[in-house]
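This structure is a prediction, so every number in the text was calculated from the model and none was measured. Within every chain, numbering begins at 1; the chains are lettered A, B, ... in the order of the sequence lines, protein sequences first and strands thereafter.
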Amino acid sequence: MNNVSDRNEAWRQELRQSVPAKERTAIERVVMPETPPAERIKSQRIEVNKGLTREMAMTEAKRCMDCVNPTCMTGCPVGIDIPGFVKNIERGEFLQAAAVLKRTSALPSVCGRVCPQEKQCESKCFYIQKLQKKPVAIGYLERFASDYERESGQIALPELAPANGIKVGVIGSGPSGLSCAGDLAKLGYDVTVFEALHEIGGVLKYGIPEFRLPNHIVDVEINNLKKMGVKFVTNFIVGMTDSIADLEEEGFRAFYIASGAGLPRFMNIPGENYNGILSSNEYLTRVNLMGADQEDSDTPVYHGKHVVVVGGGNTAMDSVRTAKRLGAERAVVVYRRSEEEMPARLEEVKHAKEEGCEFLTLTNPVEYLADERGRVKQVRVQRMELGEPDASGRRSPVPVEGSEYLIDAEVVVVAVGVSPNPIVPRSVPGLEVSKKGTIVVNDETMQSNLPEFFAGGDIVRGGATVILAMGDGRRAAAHIDEMLKQQKA
Amino acid sequence: MNKILAKSYFSERVVRLEVEAPLIAKSRKPGNFVIVRVGEKGERMPLTIADADVERGSITLVVQVMGVSSRKLCALEVGDYITDVVGPLGKPTHIDKVGTVLACGGGVGVAPLLPIIKAFKAAGNRVVSVLAGRTKELVILEAEVRASSDEVIIMTDDGSYGKKGLVTEGMEEVIRREKVDLAVTIGPAIMMKFCEKLTRQHDIPTIASLNAIMVDGTGMCGACRVTVGGKTRFTCVDGPEFDAHQIDFDEMLSRLGAFKTEETEKLHVNEK
């Protein structure tokens, strides 16, 4: 990969030789300092992970062996130069470390917080692969370097190519759209990001709670893009507020669609439309975007003594932990498989448990019961057992006959996934869409069947991680550039 | 930020706002709605578009004071700005030449009905409109509706204007004397429920436009879900209009009160 730094640079060689391998491997993996559970559940807006100190980061970076073949990089969906930034931390060049990260990742302070490193880079680390030891805390170090840069007040803006005056539209301001916009701006394009909501940031704002990703961190990234000349238009739905034809007439030569995963899925079981039952999208949006946890917000949200969250992904963890922060006495995750199959990050499950959230695994809701006013009061659940592996490779849950019982719940949050948002695909005439509603693109170029439309992130993948969505945005930016250059030639 | 260009009162609690929104004015079609938000702590609230003026670059909204958010919106004066206005949202009404259209509006439901009446009239249909309100001052937009209708029947609960009785009584009068090819009903959920019941007895295809609770209005939250033909649909992206004969109105009525307790609490907080 072309973004890998030279491990034979003099300083790297010197650094490697400065500490014997045995001494490096003898260091224990750093423990992330956390806000104690009793304190953090008092507010939706207290960050749980507090970040490493300089000393912690430098010691942790020392563990990294600066391998000849850095297998960690194969685990990163965007191929970040991991040893390159980690070694810069070890030698105390934190701003340099941040610069290395930024060559590949548009939002390192976001990825350092929300990427599932334990399934990606860290799972391929030499320590875990060869030594059966805990991997280098790559995610914590990524966060450290980018936080350091931000807090230093010395955020380096990337070099911008001379403005070429060519207009490109980015549809959606989530991680995918932001990374595409950043790259296009670097290449000299006149970029406008169109956002349907009143806030920039997409899922980073409405979805991921502030106890995991504070809004001010996202805002810094957005402000950097503004400084780079990216324009943002909120309250604008491309194709509806204004037609594609009108935008093209205004000079927009290409579009990147990153409108995200929209429609929440429900289970279609009896009683699911009773009051008090809502999607995780609605629950989290009311709290995270609309501030319903705060007294001065006009937006209401359900409060309940007993909150049941259905699902086992990160969104389910975000929801159950939000419920705890809204004052639930019992906040229970109901998940149909066992804890081992849970798609949520281990860290989220750990944090949820520390905060007193309960887990009912191998259990599935089958029906909701309501009071006379139509407000949910109980969930009928069924025990499950694991059968043969299914298409996802996970053992599929099979209901246990006669195992049904009732649990109390005044609030139920359904977090069983999302389907693509139909609005943008619907309003771009002729755009090829799959049966599932995702936009069909060329895997390499992210180009759709309409040459001027590119797409990526959840609207293409159906449901993916922040880092994959960002990778799509960057690839699309490169190919939009290529296409527009060819047109000019 | 969208400027309020004009404001007038239909009654103490029903306000008409002309709002600067040039792109929406140009793009909107009958049946579309917008989401508005007043203030940085404001709630997102769906409102159907009653009218638009492309030249002036404005849309008209009719708002009834109900809770915290509608109260804040109605308190704004000419020259003030609405923090956010986004749209047009929702699927537009399917306008066709069908013959005779019976348009039934109750209360502020007449506002979103007006562009639909205009469009059906312009498509060459005979349009008979039935406007209903509890009392005379709650019958709104009569002149505008008259301008695009072949006939207008006014019904009031107290008989203070037009005929005394419910909207369904006015509808029955029309159904009894002539063939109705399509009915459109917009108003309080309970009214639409009874309109649908009547037209079902007479096998008249009927569409209802629903005013569900929404947060984003773009399909993301699912707050606006409604059962249509036994299936859960989202009012914001699948609607807001549905085949009235397929809608579970009882569920809808219940869902409209979903946040009543929470909203009352917010109202008290705001009044403090």
Side-chain angles (χ1 to χ4, degrees), chain A residues 195-199 203 206-207 234-237 239-243 246 259-266 268 272-286 289-292 294-303 370 373-375 414 418-424 426-427, chain B residues 1-2 21 23-24 26-28 32 34-35 37-45 67-69 72 83-91 215-223 225-227 231-232 234 236-238 248 250-255 257-266 269-270:
Chain A
E195 168 57 51
L197 292 173
H198 58 267
E199 273 271 345
V203 71
Y206 74 74
T234 51
N235 295 321
F236 194 106
I237 301 168
M240 292 188 85
T241 305
D242 210 355
S243 69
D246 282 347
S259 51
L263 307 182
R265 277 192 214 134
F266 287 90
N268 297 313
E272 208 170 20
N273 290 346
Y274 283 138
N275 294 330
I277 304 175
L278 71 177
S279 74
S280 48
N281 268 4
E282 180 181 350
Y283 192 59
L284 293 173
T285 301
R286 282 181 183 275
L289 181 72
M290 306 308 296
Q294 294 157 336
E295 216 185 43
D296 60 353
S297 163
D298 292 346
T299 302
V301 70
Y302 293 121
H303 291 264
R373 289 169 56 223
R375 173 75 185 249
V414 183
V418 286
S419 309
N421 193 317
I423 289 195
V424 174
R426 198 192 273 167
S427 52
Chain B
M1 298 285 272
N2 301 63
L23 291 175
I24 302 174
K26 195 180 65 169
S27 307
R28 69 96 210 192
N32 283 146
V34 290
I35 294 259
R37 192 173 76 108
V38 182
E40 286 308 319
K41 300 287 177 181
E43 188 181 11
R44 292 173 67 93
M45 163 177 51
V68 176
S69 303
K72 281 192 179 168
T83 315
D84 298 287
V85 178
V86 60
L89 291 158
K91 285 184 176 169
V215 184
D216 62 293
T218 62
M220 205 174 80
C221 79
R225 57 197 198 275
V226 54
T227 302
K231 285 194 184 134
T232 295
F234 290 1
C236 64
V237 289
D238 300 322
D248 182 341
D250 292 332
E251 179 189 276
M252 201 212 155
L253 275 161
S254 168
R255 288 188 62 80
F259 287 95
K260 228 170 191 164
T261 325
E262 289 80 1
E263 271 163 5
T264 315
E265 280 166 18
K266 293 274 180 194
V269 170
N270 268 271

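Arg373(A) touches chain B through backbone and side chain together, each having a heavy atom under 4.5 Å away. With a 4.5 angstrom heavy-atom cutoff, Arg44(B) touches chain A via backbone and side-chain atoms both. Arg255(B) touches chain A through backbone and side chain together, each having a heavy atom under 4.5 Å away. Residue Val237(B) touches chain A through both its backbone and its side chain, counting heavy-atom pairs closer than 4.5 Å. Contact annotation for Met290(A): only side-chain heavy atoms (C-beta onward) come within less than 4.5 Å of a heavy atom of chain B. Contacts between Leu263(A) and chain B at a heavy-atom distance below 4.5 Å involve backbone atoms as well as side-chain atoms. Both the backbone and the side chain of Leu89(B) come within contact range of chain A, each with at least one heavy atom under 4.5 Å from a heavy atom of that chain. The part of Tyr206(A) that comes within reach of chain B is its side chain, from C-beta onward, which places non-hydrogen atoms under 4.5 angstrom from that chain.
Interatomic distance, CG of Asp242(A) versus NZ of Lys26(B), reported as 4.0 Å (0.5 Å rounding). Note that CD of Glu295(A) and NZ of Lys41(B) are 12.0 Å apart. Values are rounded to the nearest 0.5 Å. Taking CZ of Arg286(A) as the reference point, atom CD of Glu43(B) lies at 7.0 Å (rounded to 0.5 Å). Considering CZ of Arg225(B) and CD1 of Ile277(A), their distance stands at 7.0 Å, rounded to 0.5 Å. Taking CD1 from Ile237(A) and CG from Leu23(B), the interatomic distance works out to 12.0 Å, rounded to the nearest 0.5 Å. The distance from atom CD1 of Ile423(A) to atom NZ of Lys91(B), rounded to the nearest 0.5 Å, is 11.0 Å.
For the residue pair Asn273(A) / Thr227(B), a side-chain donor-acceptor distance below 3.5 Å is found, with atom types taken as modelled.
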Under the criterion side-chain contact (heavy atoms from CB on, under 4.5 Å), I'd like the reasoning laid out for Met220(B) against Thr285(A): C-alpha separation, chi angles, the key distance, then a yes or no. CA-CA 9 Å; Met220(B) 205 174 80; Thr285(A) 301; 3.5 Å; yes
Check against side-chain contact (heavy atoms from CB on, under 4.5 Å), Lys260(B) and Arg375(A): CA-CA 11 Å; Lys260(B) 228 170 191 164; Arg375(A) 173 75 185 249; over 6 Å; no
Check the pair Asn235(A), Val85(B) against side-chain contact (heavy atoms from CB on, under 4.5 Å), reporting the backbone distance first and the verdict last. CA-CA 7 Å; Asn235(A) 295 321; Val85(B) 178; over 6 Å; no
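For Gly219(B) against Pro264(A), the heavy-atom pair with the smallest separation is O-CD, 3.3 Å. The nearest pair of heavy atoms linking Ala196(A) to Val86(B) is O-CG2, 3.6 Å. Contact record, Asn281(A) with Cys221(B): CB-CA, 4.2 Å, taken as the closest heavy-atom pair.
In this pair, Phe259(B) and Tyr302(A) present their aromatic rings parallel. The plane angle is below 30°, not in the 30 to 60° band.
Partners of Asp248(B) under the salt bridge (Lys or Arg N to Asp or Glu O under 4.0 Å) rule, at least two apart in sequence or in another chain, do not exist in this structure. Under the salt bridge (Lys or Arg N to Asp or Glu O under 4.0 Å) criterion, Glu272(A) pairs with no residue, sequence neighbours left out.
Options Asp216(B), Asn32(B), Asp250(B), Thr232(B) differ in how many heavy-atom pairs under 4.5 Å they form with chain A, and the most are formed by Thr232(B). Contact count versus chain A (heavy atoms, under 4.5 Å) is highest, among Ser254(B), Gly39(B), Gly257(B), Gly217(B), for Ser254(B).
Judged purely by atom type and a 3.5 angstrom limit, Asp298(A) has no side-chain atom pairing as donor or acceptor with the backbone of Ser69(B).
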